[in-house]
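Heads up, the thing below is written out as structure tokens.
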Number of protein chains: 4
Amino acid sequence: MKAIVVEPPTRGVTVKDININISTLANDEVLIKTIATGICGTDRGIVSGLLKFSRPPVGKKELILGHEGLGQVIELGSEVKGLRKGDYVVPIVRRGCGKCSNCLVGRQDFCETGEFVEAGIRGLDGFMREYFIDKERYLVKIPDEIRDIAVLLEPLSNVVKAYNELMFCQRRMIWWCNDGSYNCRNVAIIGSGPIGNLFAMIFISQGFNVYILNKRDPSPTESFIAEKIGATFINTLKGLTLTKLDLIVDTSGHPMAFIPLINKLNKNGAVILFGTTGEEYATLTADLVTFLVENNILIFGSVNASKEDFENGVNFLSIWKSRFQTVLNKMITKVVKPDESESILTKKPAGEIKTIISWV
Amino acid sequence: MKAIVVEPPTRGVTVKDININISTLANDEVLIKTIATGICGTDRGIVSGLLKFSRPPVGKKELILGHEGLGQVIELGSEVKGLRKGDYVVPIVRRGCGKCSNCLVGRQDFCETGEFVEAGIRGLDGFMREYFIDKERYLVKIPDEIRDIAVLLEPLSNVVKAYNELMFCQRRMIWWCNDGSYNCRNVAIIGSGPIGNLFAMIFISQGFNVYILNKRDPSPTESFIAEKIGATFINTLKGLTLTKLDLIVDTSGHPMAFIPLINKLNKNGAVILFGTTGEEYATLTADLVTFLVENNILIFGSVNASKEDFENGVNFLSIWKSRFQTVLNKMITKVVKPDESESILTKKPAGEIKTIISWV
Amino acid sequence: MKAIVVEPPTRGVTVKDININISTLANDEVLIKTIATGICGTDRGIVSGLLKFSRPPVGKKELILGHEGLGQVIELGSEVKGLRKGDYVVPIVRRGCGKCSNCLVGRQDFCETGEFVEAGIRGLDGFMREYFIDKERYLVKIPDEIRDIAVLLEPLSNVVKAYNELMFCQRRMIWWCNDGSYNCRNVAIIGSGPIGNLFAMIFISQGFNVYILNKRDPSPTESFIAEKIGATFINTLKGLTLTKLDLIVDTSGHPMAFIPLINKLNKNGAVILFGTTGEEYATLTADLVTFLVENNILIFGSVNASKEDFENGVNFLSIWKSRFQTVLNKMITKVVKPDESESILTKKPAGEIKTIISWV
Amino acid sequence: MKAIVVEPPTRGVTVKDININISTLANDEVLIKTIATGICGTDRGIVSGLLKFSRPPVGKKELILGHEGLGQVIELGSEVKGLRKGDYVVPIVRRGCGKCSNCLVGRQDFCETGEFVEAGIRGLDGFMREYFIDKERYLVKIPDEIRDIAVLLEPLSNVVKAYNELMFCQRRMIWWCNDGSYNCRNVAIIGSGPIGNLFAMIFISQGFNVYILNKRDPSPTESFIAEKIGATFINTLKGLTLTKLDLIVDTSGHPMAFIPLINKLNKNGAVILFGTTGEEYATLTADLVTFLVENNILIFGSVNASKEDFENGVNFLSIWKSRFQTVLNKMITKVVKPDESESILTKKPAGEIKTIISWV
């Protein structure tokens with residue numbers, strides 16, 4: 001079958017025919033025809049050879065790329081009970097180490113040993129191929145109403161995990177407003193890519209006031225999205241009039257980005273750090289650390305997601321589909337065929353929010 | 001204007017014209033035209049004179065009935081910022097005592113003093129009238145996609161509160177399944193009224209397996225709902241083959257109902273008690289109490305909801321609207337005009353899931 | 001060596017010489033000389049043949065009794081790092097099933113499969129013998145200052161677990177008083193045995209007001225304890241003037257005991273159920289269930305404890321030793337030699353709070 | 001009476017006679033004779049004029065210094081119920097704004113408005129004087145066994161708050177070890193002053209392995225304390241062989257201190273930031289932020305404490321008094337009279353852990 005293959009840590013990517021046996025299924029396995037795969041910075045990092053932790057499966061030289069998958073069930077193992085032929089599914093990415101407490105109980109997103117594998121990233125082949133076999137326990141069923149946008153579920157799952165962690169930790173004190181809602185809380189999201197927009201939607205859906213920040217004016221699509229979901233897009237080069245923030249979410253990929261905003265945080269405020277790829281650095285002063293202390297500020301990094309986060313992500317997609325109509329579709333700014341994917345995996349197209357590869 | 005009026009604790013209900021000044025608004029107030037009001041057991045309990053805690057506003061003899069409201073914004077006070085003319089809104093029911101810690105921070109659903117008032121129930125006029133004025137802080141904005149079913153939000157809010165409390169308390173241990181989801185957990189919901197069905201939908205949306213129990217076969221509408229949402233309806237008179245439950249939700253109104261199911265609970269299982277009106281009694285044996293102890297069983301009663309629960313309820317309605325299409329509409333089994341409401345408030349119509357009064 | 005042996009479910013107990021090889025230790029094992037073992041209702045239930053779940057180790061007919069142990073380290077396996085010869089240790093009782101999520105992460109007190117074993121109770125020999133071998137992971141080190149009372153640690157661990165679970169669940173709302181303490185909260189503890197007194201001390205140490213209830217006047221020792229720790233002993237036969245409770249802890253062993261107190265609970269109040277052995281029954285009325293619902297009441301049963309609970313128990317013993325001096329020693333109302341233990345295991349002596357067997 | 005007085009933001013401190021009326025008490029007030037007051041970096045920061053947020057009570061020019069107090073009850077207002085003449089008490093420091101949700105419910109340590117006052121620091125006279133009057137709700141009763149070390153309660157309360165917040169947030173995943181304890185977790189505490197040592201004791205009491213770090217060899221007193229409590233003192237200038245940390249607590253007062261240790265953190269690890277006074281700065285690189293993200297690292301600043309934290313601090317002092325005997329007394333490295341306090345408030349004496357002023 002056709003597949004998109006890399007050889008980390010070597011730079012480069014190839015679309016080629018590979019030979020994978022899909023004729024036999026274990027009892028708990030499912031054969032899935034790939035419908036679509038999303039492309040994100042991690043994929044391009046692997047292709048560019050810069051993402052140091054990427055590696056092929058043990059004993060192999062090649063890694064099939066792709067961790068943002070969407071497929072359709074073709075065949076079922078004899079003990080698979082929760083899925084039927086024709087169902088759409090999204091596979092989770094990380095598979096636990098089988099050793100640490102968190103992995104043993106299905107929370108491999110908090111794996112402690114680091115001995116997990118991640119499909120399309122490290123130690124496990126990914127979903128950029130025509131078919132793949134996976135265990136039922138790693139598959140999330142997609143309801144019909146969101147089939148067209150379910151390729152966004154994997155990036156969304158990471159956003160859901162970070163959101164849930166925030167809300168759990170903030171119960172350290174009373175964070176809701178005095179009417180029992182979150183309507184008084186202001187969130188600044190740095191970055192207007194797919195992750196930034198998904199964070200924006202999740203916080204808006206929970207009643208927060210959301211500001212999306214970037215160092216430029218919004219593209220027409222970004223303007224459309226912000227207006228439709230009820231967020232405010234701010235070009236920070238034109239000045240930042242926000243004075244009272246309760247939460248900063250840094251999705252920008254630049255470690256300097258959140259630092260200048262921190263002193264705008266209200267007491268008990270929080271910062272979510274979500275992925276960085278830059279080579280920049282920032283200065284941390286005594287005054288800033290004192291500010292964190294004096295104001296009970298919480299900062300945490302968040303990576304990956306549990307199956308529960310994927311399932312909650314399904315629910316969020318349904319909400320947004322019916323509430324914001326085409327917004328999620330508009331986030332898919334480009335669709336390419338596998339044979340066109342090399343260039344798209346090498347260079348981010350202008351105006352991209354999310355590019356996907358269609359396999360059907 | 002036309003209003004539905006009771007004189008608790010006296011039996012009876014009247015539809016009549018009342019004189020309420022709606023010409024002036026305080027800065028934080030909103031004038032609302034009533035669109036629809038739902039009828040529940042509490043309303044009928046007040047009308048029958050059996051609900052002892054119902055009372056009119058201080059200094060009055062009459063109480064305007066109605067706590068399940070849906071209305072449209074007609075006029076805004078000068079400081080109202082989050083609403084516009086034409087918006088649909090649902091008012092929250094309980095207004096805090098202004099004294100206890102929970103009320104002071106917007107969690108009047110956990111009021112400790114009992115000195116709260118509840119619209120249409122105790123101490124505050126309700127929404128069964130053509131217009132009402134309310135403060136913005138008590139109003140929940142309804143997105144367009146669920147206008148036709150938003151009259152279900154108030155009952156749903158109570159379900160959301162109970163659900164959130166359950167999930168919070170169950171973090172006392174590891175309750176998710178070994179794949180990180182709740183797919184291995186079985187919920188038995190006793191009762192197939194509106195509350196039972198809303199509980200069913202919320203647990204199904206979070207990945208639980210749901211069984212709806214009643215002492216009879218389902219009506220065609222109940223069959224339709226159960227099948228559409230993916231729940232199993234069980235007529236317990238024909239035998240209960242369920243052997244492993246993780247949660248019992250008793251919405252039946254009969255205190256005996258949950259008792260015989262308790263010993264089917266898995267270790268660490270839970271029971272949610274939600275409203276009773278019966279006059280029955282059950283026997284609690286030493287063996288049953290020992291079972292609770294030996295198995296770390298959690299039981300809690302739940303009443304009312306916070307504004308956050310209403311806002312989460314809005315999200316659930318959007319999910320279900322797009323996922324289950326007409327299911328929520330089918331739950332509205334009858335729509336009457338205010339002038340027809342006396343009979344419907346006195347006697348539950350056959351096959352009722354939810355009856356509503358349309359004011360437009 | 002000398003050991004106290006039962007043959008569940010057969011009635012009876014024997015003190016006799018048994019042959020156990022203690023000459024070789026695995027790398028993670030410790031040889032322990034028994035110092036003291038406590039006797040509780042569970043032991044007498046096994047001896048009387050009434051405790052149905054007691055069973056010997058697989059393939060054996062006899063079970064060595066004893067789950068409340070205290071011993072001194074004699075020999076160490078080669079990989080034992082946290083203990084030295086001469087250290088005092090208390091073994092934990094339950095050993096996990098090795099299958100369910102809770103057991104896999106060291107929380108066997110929440111075992112879901114029920115396939116755990118418990119030393120001296122089911123499937124594993126207990127500590128009523130001169131020496132025993134155990135793995136380091138099951139041993140809790142005892143600091144010097146509480147050696148004389150550390151035999152109380154095992155019963156205390158169960159109290160700590162229930163306390164921690166209560167405090168976790170009560171964060172569902174704001175339960176502390178408006179000065180940020182628990183000084184406004186009233187706890188009624190039913191039963192004045194060792195468990196009742198340990199609950200009293202734990203709640204007093206956290207600032208609660210504590211009432212110890214029994215259906216008789218206190219013994220001189222009970223009066224001494226209550227006065228010394230700052231609790232109030234109430235003979236409920238003389239009338240119960242308490243009107244506002246926030247928590248009921250039922251340690252009485254009678255399922256009827258907590259029922260008449262429930263309607264004295266404040267809103268958001270809780271009930272901890274802790275062990276019952278009676279054959280009685282109580283009536284649960286619709287009014288009572290409605291009370292649970294209308295007031296957000298939480299009820300839970302609690303059994304067993306984690307290693308963390310044992311370690312927190314060590315800290316509580318240190319607090320109480322220095323704050324209440326001889327109170328904990330006074331709780332040990334009788335000390336017998338192994339040869340005298342048959343009668344004491346068959347019949348509870350008058351005035352007993354805790355009887356222990358001294359092995360040295 | 002004699003008092004120690006400052007005029008923030010002016011540099012300097014004076015011991016002088018002031019005229020305060022202590023002849024009348026409101027019903028909820030208590031007259032207290034000061035026994036001892038502790039001196040900390042905040043006091044010296046005020047005296048040096050560097051602590052910018054210090055200010056006198058509204059309408060006054062002078063501020064009585066002192067927030068670490070210990071006193072004895074002399075007279076009681078008519079409605080004071082929880083205290084008696086002769087009782088030892090420690091006053092809490094911060095008094096809430098009376099407006100925000102956290103202050104309204106007794107959690108002024110999470111005040112959101114910043115309009116709180118703090119005794120001896122900002123807007124409220126402190127305890128460095130012979131007598132003071134305070135409301136019962138702000139007083140924590142001291143049991144007899146810790147009278148001699150209770151002057152340490154105020155600094156300890158801040159440590160307890162940070163500890164409780166950490167343990168709450170870390171329930172975001174499974175952080176206990178696979179035996180259910182914290183025996184596998186390593187804590188590095190930067191700084192060996194009073195706060196560092198109190199953090200060390202609290203984590204050791206909960207089963208953690210504790211390392212106390214400084215850039216020099218320990219003083220004889222520091223060696224004594226570390227050995228007695230079971231911590232390891234590490235001179236980081238001689239190299240840091242620690243490779244696996246689960247928690248870093250930075251009490252050093254230097255913002256650079258924790259940065260080089262972060263990459264030694266295990267996945268899911270945490271950093272507690274606790275006070276800084278330096279003027280230094282550190283560099284935050286993209287790699288470090290990526291490390292936070294990839295490993296789910298949590299960082300939070302913590303300030304102040306609730307009354308519950310003070311009450312738990314009382315319990316910890318009792319544990320440590322009986323377990324570590326003279327360790328806490330040894331932490332009081334110097335006792336001076338009020339008349340000698342000017343020099344001690346201006347310059348930190350060599351070898352100081354905690355200096356106190358004795359008022360009796």
Side-chain angles (χ1 to χ4, degrees), chain A residues 81-82 92 94 96 101-110 135-141 143-146 161 164 167-168 171 173-184 202 205-209 230 305-312 314-325, chain B residues 81-82 92 94 96 101-110 135-141 143-146 161 164 167-168 171 173-184 202 205-209 230 305-312 314-325:
Chain A
K81 287 176 186 154
I92 71 168
R94 186 182 286 187
S101 288
N102 286 294
C103 285
L104 286 171
V105 301
R107 289 304 306 259
Q108 63 286 336
D109 55 313
F110 282 115
K135 289 183 195 298
E136 182 185 13
R137 62 177 278 124
Y138 298 128
L139 298 171
V140 178
K141 190 178 166 180
D144 293 351
E145 76 268 15
I146 55 165
K161 181 237 175 114
N164 283 336
M167 298 311 276
F168 183 81
R171 284 195 78 152
M173 40 87 227
I174 298 161
W175 205 43
W176 58 72
C177 312
N178 67 13
D179 68 351
S181 78
Y182 291 98
N183 299 341
C184 68
I202 210 168
S205 303
Q206 303 302 119
F208 291 76
N209 305 310
S306 74
K307 194 172 185 185
E308 189 188 356
D309 298 320
F310 276 81
E311 295 191 340
N312 282 326
V314 165
N315 286 335
F316 279 115
L317 289 178
S318 294
I319 295 168
W320 302 335
K321 181 75 187 286
S322 69
R323 192 167 302 159
F324 306 138
Q325 295 97 38
Chain B
K81 287 175 187 156
I92 71 167
R94 186 182 285 187
S101 289
N102 286 294
C103 285
L104 285 171
V105 301
R107 289 303 306 259
Q108 64 286 334
D109 55 314
F110 282 114
K135 290 184 195 297
E136 183 185 14
R137 61 177 277 121
Y138 298 127
L139 298 171
V140 178
K141 189 177 168 181
D144 293 351
E145 75 269 16
I146 55 164
K161 182 241 176 111
N164 283 337
M167 298 310 277
F168 183 81
R171 283 195 78 153
M173 40 87 230
I174 298 160
W175 205 44
W176 56 72
C177 311
N178 66 12
D179 69 350
S181 78
Y182 291 97
N183 298 342
C184 68
I202 210 169
S205 304
Q206 302 304 119
F208 291 75
N209 304 310
S306 73
K307 194 172 186 185
E308 188 188 357
D309 298 320
F310 277 81
E311 295 191 339
N312 282 326
V314 165
N315 286 334
F316 279 115
L317 289 178
S318 294
I319 296 168
W320 302 335
K321 181 76 186 285
S322 70
R323 191 167 303 159
F324 307 137
Q325 293 97 39

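Residue numbering restarts at 1 for every chain, and letters A, B, ... go by the order of the sequence lines.
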*Considering only heavy atoms and a distance below 4.5 Å, find which of B/Phe316, B/Phe168, B/Tyr138 pairs most often with chain A.*
B/Phe168

*B/Cys177 versus chain A, heavy atoms under 4.5 Å apart: side chain, backbone, both or neither?*
backbone

*Could you tell me which non-hydrogen atom of A/Cys103 sits nearest to which non-hydrogen atom of A/Gly96, and how far apart they are?*
SG-CA, 3.5 Å

*May I ask you to name which of A/Asp144, A/Asp309, A/Asn178 has the most heavy-atom pairs under 4.5 Å with chain B?*
A/Asn178

*Quick one: are A/Ile92 and A/Gln108 in side-chain contact, heavy atoms under 4.5 Å?*
yes

_Segment of B/Asn315 engaging chain A (4.5 angstrom heavy-atom cut-off)_ = both

*Rounded to the nearest 0.5 Å, how far apart are CG of A/Asn312 and CG of A/Leu317?*
11.0 Å

*Which atom names give the shortest non-hydrogen contact between A/Tyr182 and A/Trp176, and what distance separates them?*
CE2-CA, 3.6 Å

*Look at A/Lys321, A/Gln206, A/Glu308 and state which one has the largest set of heavy-atom pairs under 4.5 Å with chain B.*
A/Glu308

*Leading residue by heavy atom contact count with chain B [cutoff under 4.5 Å; candidates A/Glu145, A/Gln325, A/Glu311]*: A/Glu145

*Pick one of side chain, backbone, both or neither for B/Val314, based on which atoms fall under 4.5 Å of a heavy atom in chain A.*
both

*asked:* Taking every non-hydrogen pair under 4.5 Å, which of A/Arg171, A/Arg323, A/Lys141 racks up the most with chain B?
replied: A/Arg323

*What is the distance from atom CZ of B/Arg94 to atom CZ of B/Arg107, rounded to the nearest 0.5 Å?*
11.0 Å

_For B/Ser181, give me all partners under side-chain hydrogen bond (donor to acceptor under 3.5 Å, both in side chains), at least two apart in sequence or on another chain._
B/Asp179, B/Asn183

*Of the listed residues (B/Gly207, B/Gly180, B/Ser306), which shares the most heavy-atom pairs with chain A below a 4.5 Å separation?*
B/Gly180

*Under 4.5 Å, counting heavy-atom pairs only, tell me which of B/Ile174, B/Val105, B/Leu104, B/Ile146 racks up the most with chain A.*
B/Val105

*If only atom types and distance count, is the side chain of A/Glu136 paired as donor or acceptor with the main-chain N or O of A/Gly82 below 3.5 Å?*
yes

